[in-house]
Amino acid sequence: MIHLKNCTIGYSSPLFSIDDILLKKGSIYALIGSNGAGKSTLFSTLTNQLSTLSGTITIASQPLQSYKLKEIAKKVSFVQSKTDYPDFLTVEAYLALGRTPYTNTFGRLAKEDHEIIKHIIKRLKIEEFLPKFMHKLSDGERQIMAIASALIQETPVLLLDEPTAFLDYGNRMKIIKFLKEIAVTEEKCILFSSHDLELCLEEINQFLYIDQAEKKLILANDLTKEALLERAFNLY
């Protein structure tokens, strides 16, 4: 689904390199790394906001750089760790924005769009929030709505930057389990960043981590907490 080969990630200077990594559909991956290591830069690169310094990235067997803006929005959805919302935008209106890549010039929703929105609302059990204004929700509630909007966007790739950062333990567990489920049932390729090592180690068995010593992005399975702390945070 996402193939990164011989890549160098960064801005004017490299942050880390990638030899050859393939992220598959139907799988979920936790991205681990210290602050400033380059996690957000990787997300910017995968959403085509930033070019690689070298190497190639393909999504669905097509070079990332060849996608136009509206085309990439049908392939990749991105949930930021925190987003500012306009005052007096209802949850219902906000969720509908997830269908923007598929609407016409006037932004009108078709019957199929409404059905997709209803399906995600029901699946996440967020009906009670629909009439509420986004700026009146808690940080955790807004994060759940952002994830719902990304699912409504119906992309094969879902990227999330710290999706559980503002949630209590119960909701963190709920979101991770839900993401695991949809990765399999809807054959999505899901990549999320997190500092919640305990929860990730409990629920996730595939990790991308930025090795501090080698300055390289590594794909590994079933790591221990000690191994992650040593390699991703240069501890021990």
Under 4.0 Å between a side-chain nitrogen and a carboxylate oxygen: does that hold for Glu154 and Lys74? no
Rounded to the nearest 0.5 Å, what separation is found between the CG atom of Asp168 and the CG atom of Asn171? 4.5 Å
Close side-chain approach of Ile28 to Ile204, heavy-atom, < 4.5 Å: yes
To the closest 0.5 Å, what do you measure between CD1 (Ile72) and CD (Gln62)? 8.5 Å
Electrostatic pair Arg172-Glu202, nearest N-O below 4.0 angstrom: no
Tell me, do Phe129 and Met145 make a side-chain contact under 4.5 Å, heavy atoms counted? yes
Residue pair Thr52, Ile9: steps toward the side chain to side chain contact (heavy atoms under 4.5 Å, CB included) verdict: CA-CA 5 Å; Thr52 58; Ile9 304 297; 3.9 Å; yes
Inter- and intrachain pairs under ring-ring contact (aromatic ring centres under 6.0 Å, His included), touching residues 173-200, at least two apart: none
Short question: side chain of Ser54, backbone of Cys7 - any donor-acceptor pair under 3.5 Å? no
Set out, in order, the CA-CA distance, both residues' side-chain angles and the distance that settles salt bridge (charged side-chain N to carboxylate O under 4.0 Å, His left out) for Glu181 and Lys188, then state yes or no. CA-CA 10 Å; Glu181 177 189 346; Lys188 291 184 182 292; over 6 Å; no
Judged by atom type as modelled, is there a donor-acceptor pair below 3.5 Å linking the side chain of Tyr29 to the main-chain atoms of Lys24? yes
Hey, does the side chain of Lys25 reach the backbone of Ile2 with a donor-acceptor pair shorter than 3.5 angstrom? no
Take Glu198 and Lys225 through the test salt bridge (charged side-chain N to carboxylate O under 4.0 Å, His left out) and record every step on the way to the result. CA-CA 8 Å; Glu198 285 79 9; Lys225 182 178 179 180; 2.5 Å; yes
Point-to-point distance, once rounded to the nearest 0.5 Å, from CD1 of Ile59 to CG of Leu46: 6.0 Å
Donor-acceptor pair, Thr224 side chain versus Ala227 backbone, under 3.5 Å? yes
Flag side-chain contact, heavy atom, 4.5 Å: Leu217 against Ile21: yes
Side-chain ion pair, Lys216 and Asp19, N-O less than 4.0 Å: yes
If you draw a 6.0 Å radius around NZ in Lys111, do more than 12 non-hydrogen atoms from other residues or ligands fall strictly inside? no
Close side-chain approach of Asp20 and Ile18, heavy atoms under 4.5 Å: no
Thr47/Gln49 under side-chain hydrogen bond (donor to acceptor under 3.5 Å, both in side chains): CA gap, chis, key distance, verdict: CA-CA 6 Å; Thr47 52; Gln49 301 174 66; 2.7 Å; yes
With a 6.0 Å cut-off (strictly less than), is the heavy-atom count around CD of Glu187, excluding the residue itself, greater than 12? no
How are the rings of Phe43 and Phe78 set relative to one another: parallel (under 30°), tilted (30 to 60°) or perpendicular (over 60°)? tilted
Could you tell me if the side chain of Ile190 sits less than 4.5 Å from the side chain of Lys180, heavy atoms only? no
Any donor-acceptor pair under 3.5 Å linking the side chain of Arg142 with the backbone of Leu137? yes
Student check: side-chain heavy atoms of Leu228 and Leu197 closer than 4.5 Å: yes
